Protein chains: 2
Amino acid sequence: MTLEDVAKRARVSTATVSRVLNGARGVRPATQARVLRAAEELHYTPDLNARSLAGGQPRSLGMVVSNIVNPFFLDIFRSVEARARQRGYDLIVANTDYAPDRLASSIMTILGRRVAGLALVVSETVPPVVSTIAAKLPIVLYDGGGHRLKDVTNIRANYRGGMQRIVEYLHALGHRRMAFIGHHTRLGPLHERREAFLSIAEEYAPRSKVMTVESADGLAGGQEAMRHILDSGFKPTAIACVNDFMAVGAVRELHVRGVSVPGDMSVTGFDNVALSEFAVPSLTTADVPRETIGRLICDALIPSAGEDRPLFRTEMVVETQLIVRESTAPPRSRSVRQGQRRTATASR
Amino acid sequence: MTLEDVAKRARVSTATVSRVLNGARGVRPATQARVLRAAEELHYTPDLNARSLAGGQPRSLGMVVSNIVNPFFLDIFRSVEARARQRGYDLIVANTDYAPDRLASSIMTILGRRVAGLALVVSETVPPVVSTIAAKLPIVLYDGGGHRLKDVTNIRANYRGGMQRIVEYLHALGHRRMAFIGHHTRLGPLHERREAFLSIAEEYAPRSKVMTVESADGLAGGQEAMRHILDSGFKPTAIACVNDFMAVGAVRELHVRGVSVPGDMSVTGFDNVALSEFAVPSLTTADVPRETIGRLICDALIPSAGEDRPLFRTEMVVETQLIVRESTAPPRSRSVRQGQRRTATASR
DNA sequence: TTGAAAGCGCTACCAC
DNA sequence: GTGGTAGCGCTTTCAA
């Protein structure tokens, strides 16, 4: 089923069919109708590969994310996709599962589709080749953490500020022994987030004791990290998690062990994904505005009407906001009792 | 950066470069090395559009899902993707958000990419055009519900059986007044699921009273549906939800109102997504084996070694399994007290 | 307003 | 082993 088939049936040339299908003006209404009808009757489906090979400007964007299962990344994806669609672009996603080697190959795959722009929403350290690509293609890097890239639009959330508000809040509640649950310490950006927690905890509570634990990103990872903490002998009264997703897993482990939240222990998340509001107890967290981020990403990749290239900015920072919910409270005066495990009914 | 650039630099023809890059045998090692180095030095990225235009068999699969945010669909997606990748294919996804008109356009878009096969993992009624397509392309329909399509591999989970085990279990616990929370009644397949609940509830407890409520798929939808039930005056002792995702929202609403689960009310989910295990309380649910479904989908789309077309089967049914966790218990002898709301601290 | 034809970058076939 | 080259289906000049 090709353009030519449609052309034959409508008794016009392929050029005319192409014009009609692309909404070009300057085609006689009668001809147009004939073409449309022919295409309809033949169930014609344009070959997008041929189209983008032949065509001028590409009409798709590419995006690489670290963990599509984490609702944070999923929300960003959906936000970018919605806005892109609105502007006539579609979005190709690739997922790395935090595997550094999959980052490079994902970038290649997407570039192979000849996209108009590329968004890297990843926690991994981006390969140097990206700078080279940036010369020919608008690139956005979200959460590059430490390293801002030249010629690339760097968008980041003020994680340090958010973490500061969280620690400050916990401190104000009276917490002095805290722990941090993170993941993949080796990855630059995430490492930085952990450091933020450490230095801020230090600043707000010089006498405070802290520990940090890392596990895989996800519900199971959060649970496992909490298990480590509880088994370590260190008895914090509050736990700050790197994101909501892991926090839900952490809360689950506390539930299994009969440690009440926030009665016996406070827990905080980060991101303010929908789940944080529906969890029981709902999570105190820091809102990272995913809608805004998606919008900024799109605007940095798609040229606005009349422009040739999208407006380039080196760096943009979005603010985070403390959201207080049920998972935090002042610590009990007596220390949290440990080891009062009950049968772990639902853990595997 | 094209094949020709690489060819020039390596002082060979484009044909040879193509051979090397596609791992064909019969190229002198020295030549091969030269080509590889040239490609490397130029940061050559093959144009996938041109490749699939020119090439023989397409190496990608397409898939349409109803709601990528629902972890059930996300798991299926990941399962199919993993297996496809393993067999050298990649996966293009489109998401409809349950909008029937987006189903048709999603199918067009994917077909436009000239995929080797198409999986429809949707709750919407599929358009008739699908039968036409099936003549040229392997198609899998998951959860077509009522209508099995001819010439299409129909995969479905035994929802009725799962629902039966759930209702049976609730009945055995002593529940007689139940409600069902679903979504999008108008959509064929989902309607059927609700009917299954009704008829089974009828069968197991002839004297039982039931009500059904529909809302949007998702956490917020589950919460809203539960709100309707609680405000309706009908006081069930157990609630069966169409999926885990909505169940978590339902449980949240009960928590907000101070109704304890499972003390005052039992709740069940469906699917057994990871979240159901990490929720507080964890959910009694029916496992729908998403890994298996992903495998079946792939195998119905990709020809096995030596074959020309994948093995065609009209229908395959996967079984569901009851998973008992914390969210269900016998009803209290006294009726559930209603309206003892406490301040809804975190609802908006 | 429409048609003819030149590519887009690649693969695959046929020569050498 | 390697090169030449004919398309794949489409968009886009350039002519008519």
Side-chain angles (χ1 to χ4, degrees), chain A residues 1-36 38-39 42-60 88 90 108-116 136-137, chain B residues 1-36 38-39 42-60 88 90 108-116 136-137:
Chain A
M1 205 54 34
T2 74
L3 250 203
E4 199 171 344
D5 297 320
V6 179
K8 280 208 184 93
R9 190 169 234 273
R11 288 130 152 281
V12 294
S13 71
T14 61
T16 298
V17 178
S18 174
R19 278 189 276 257
V20 171
L21 264 32
N22 291 296
R25 306 162 308 133
V27 179
R28 191 149 28 106
T31 316
Q32 182 168 324
R34 214 151 18 99
V35 170
L36 254 20
L42 293 172
H43 294 302
Y44 170 70
T45 318
D47 185 320
L48 268 27
N49 298 307
R51 179 174 283 181
S52 71
L53 178 57
Q57 313 316 322
R59 297 298 274 181
S60 30
D90 52 39
M108 286 293 110
T109 305
I110 289 177
L111 255 33
R113 297 287 185 191
R114 296 298 180 256
V115 292
K136 337 190 148 179
L137 203 67
Chain B
M1 206 55 34
T2 74
L3 250 202
E4 199 170 345
D5 298 320
V6 179
K8 278 208 184 95
R9 190 168 234 273
R11 289 131 153 280
V12 294
S13 70
T14 62
T16 298
V17 176
S18 175
R19 277 190 278 259
V20 171
L21 263 33
N22 291 296
R25 307 161 307 135
V27 177
R28 192 152 24 110
T31 316
Q32 182 167 324
R34 213 151 20 99
V35 170
L36 254 22
L42 292 173
H43 295 303
Y44 170 70
T45 318
D47 185 319
L48 268 27
N49 298 307
R51 180 174 282 181
S52 71
L53 216 211
Q57 315 316 323
R59 298 297 274 181
S60 30
D90 52 40
M108 286 293 109
T109 305
I110 289 177
L111 255 33
R113 297 287 184 191
R114 296 297 181 255
V115 292
K136 336 190 149 179
L137 203 67

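Computed from a predicted structure; not experimentally measured.
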Quick one, [X] and [Y] - any side-chain contact, counting heavy atoms below 4.5 Å?
X	Y	answer
A:N22	A:R51	yes
B:D47	B:T2	no
A:V20	A:L36	yes
B:L3	B:L21	yes
A:V17	A:R9	no

Atom pair [atom1] ([X]) and [atom2] ([Y]), whose distance is rounded to the nearest 0.5 Å:
X	Y	atom1	atom2	value
B:T45	A:M108	OG1	CE	4.0 Å
B:M1	B:H43	CE	NE2	9.0 Å
B:L48	A:R113	CG	CZ	5.0 Å

Chain A vs DNA chain C, heavy-atom contacts under 4.0 Å, first-to-last nucleotide span, 5' to 3', is C:dT1 to C:dG9
If only atom types and distance count, is the side chain of A:R114 paired as donor or acceptor with the main-chain N or O of A:L111 below 3.5 Å?
-> yes
So where does chain A start and stop touching DNA chain D, 5' to 3', when the test is distance under 4.0 Å to a non-hydrogen atom?
-> D:dG9 to D:dT12
B:S52 near the nucleic acid: base, sugar-phosphate alone, or nothing, with a heavy-atom cut-off under 4.0 Å?
-> nothing
Taking for each residue the nucleotide of DNA chain D with the nearest heavy atom, is it B:G26 or A:Y44 whose nucleotide lies nearer the 5' end?
-> B:G26
Of B:R25 and B:A50, whose closest DNA chain D nucleotide lies nearer the 5' terminus?
-> B:R25
Between A:S13 and A:A7 the two heavy atoms that sit nearest each other are C-CB, 3.7 Å
Residues from residues 15-23 of chain B sitting under 4.0 Å of DNA chain D, heavy atoms only?
-> B:A15, B:T16, B:R19
